[in-house]
Amino acid sequence: MTYVNTSEIDGGLFLTVMLFLLVIAPLFSLAIMKFFQGKKRTGFILMGAGVSSYVVFTLVTSLMT
């Protein structure tokens with residue numbers, strides 16, 4: 001069994017990743033749910049919000065490293 005060494009991860013980066021995961025994953029999940037409910041406009045808005053959150057996330061993490 002191998003273990004991953006997480007001692008070199010910065011605390012700020014860890015918190016940033018956790019906060020954005022709490023935003024990005026639910027947005028995509030809600031978008032898929034809205035598509036199944038037939039509410040396409042709301043689904044596309046949530047999907048766009050998820051994509052824009054991902055773009056912001058990549059910008060923030062690239063500035064931190």
Side-chain angles (χ1 to χ4, degrees):
M1 180 185 298
T2 61
Y3 294 100
V4 178
N5 183 11
T6 58
S7 64
E8 297 180 16
I9 296 177
D10 184 32
L13 180 63
F14 178 76
L15 286 175
T16 304
V17 170
M18 292 308 292
L19 286 174
F20 277 104
L21 282 177
L22 289 172
V23 172
I24 294 170
L27 284 173
F28 283 117
S29 176
L30 285 172
I32 292 170
M33 182 184 71
K34 293 295 181 181
F35 283 134
F36 279 118
Q37 290 178 349
K39 300 177 181 178
K40 292 184 180 183
R41 182 176 184 269
T42 308
F44 282 119
I45 290 171
L46 289 169
M47 190 69 69
V51 169
S52 63
S53 297
Y54 177 73
V55 169
V56 170
F57 169 70
T58 56
L59 291 173
V60 168
T61 53
S62 68
L63 292 174
M64 291 184 79
T65 56

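All values below were derived from every heavy atom in this structure, side-chain atoms included, with hydrogens, water molecules and symmetry-related copies excluded.
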Peer 1: Please report the C-alpha distance between F44 and F35 in whole Å, then the side-chain angles of each, then the deciding distance to 0.1 Å, and finally whether the side chain to side chain contact (heavy atoms under 4.5 Å, CB included) criterion is met.
Peer 2: CA-CA 8 Å; F44 282 119; F35 283 134; 3.8 Å; yes

Peer 1: So, taking the atom named CD1 in I45 and the one named NZ in K40, what distance separates them when rounded to the nearest 0.5 Å?
Peer 2: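 It is 14.5 Å, given to the nearest 0.5 Å.
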
Peer 1: Looking at every non-hydrogen atom in both residues, tell me the closest pair between F14 and I9 and how far apart they are.
Peer 2: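 Closest approach of F14 to I9: CB-CG2, 4.2 Å.
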
Peer 1: Determine, using the 4.5 Å side-chain heavy-atom cutoff (strictly less than), whether L19 and V56 are members of one ILVMFWY cluster.
Peer 2: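 Different clusters.
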
Peer 1: Just by modelled atom types, is the A25 backbone N or O under 3.5 Å from a matching donor or acceptor in the S29 side chain?
Peer 2: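 No, the answer is negative, given that no donor and acceptor are paired below the 3.5 Å cut-off.
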
Peer 1: In terms of hydrophobic clusters joined by side-chain contacts under 4.5 Å, are I24 and M33 together?
Peer 2: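 No, no single cluster joins them.
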
Peer 1: Taking all non-hydrogen atoms of both residues, which atom of A31 and which atom of G43 are closest, and how far apart?
Peer 2: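 Closest approach of A31 to G43, heavy atoms only: CB-O, 3.5 Å.
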
Peer 1: Evaluate whether atom CZ of F20 has more than 12 neighbouring non-hydrogen atoms of other residues, nucleotides or ligands under 6.0 angstrom away.
Peer 2: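 Check passes, neighbour count above 12.
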
Peer 1: In the single-linkage hydrophobic clustering (I, L, V, M, F, W, Y; side-chain heavy atoms under 4.5 Å), do V23 and F28 co-cluster?
Peer 2: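 No.
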
Peer 1: Mind checking the CE-CG spacing from M47 to L30? Nearest 0.5 Å is all I need.
Peer 2: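 CG of L30 is found 10.5 Å from CE of M47.
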
Peer 1: Is there a path from F57 to L27 through hydrophobic residues (I, L, V, M, F, W, Y) whose side chains come within less than 4.5 Å of each other?
Peer 2: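 Each belongs to a different hydrophobic cluster.
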
Peer 1: Is there a path of hydrophobic side-chain contacts, each under 4.5 Å between heavy atoms of I/L/V/M/F/W/Y residues, joining V51 to V17?
Peer 2: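 Yes: a chain of side-chain contacts under 4.5 Å links V17 to V51.
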
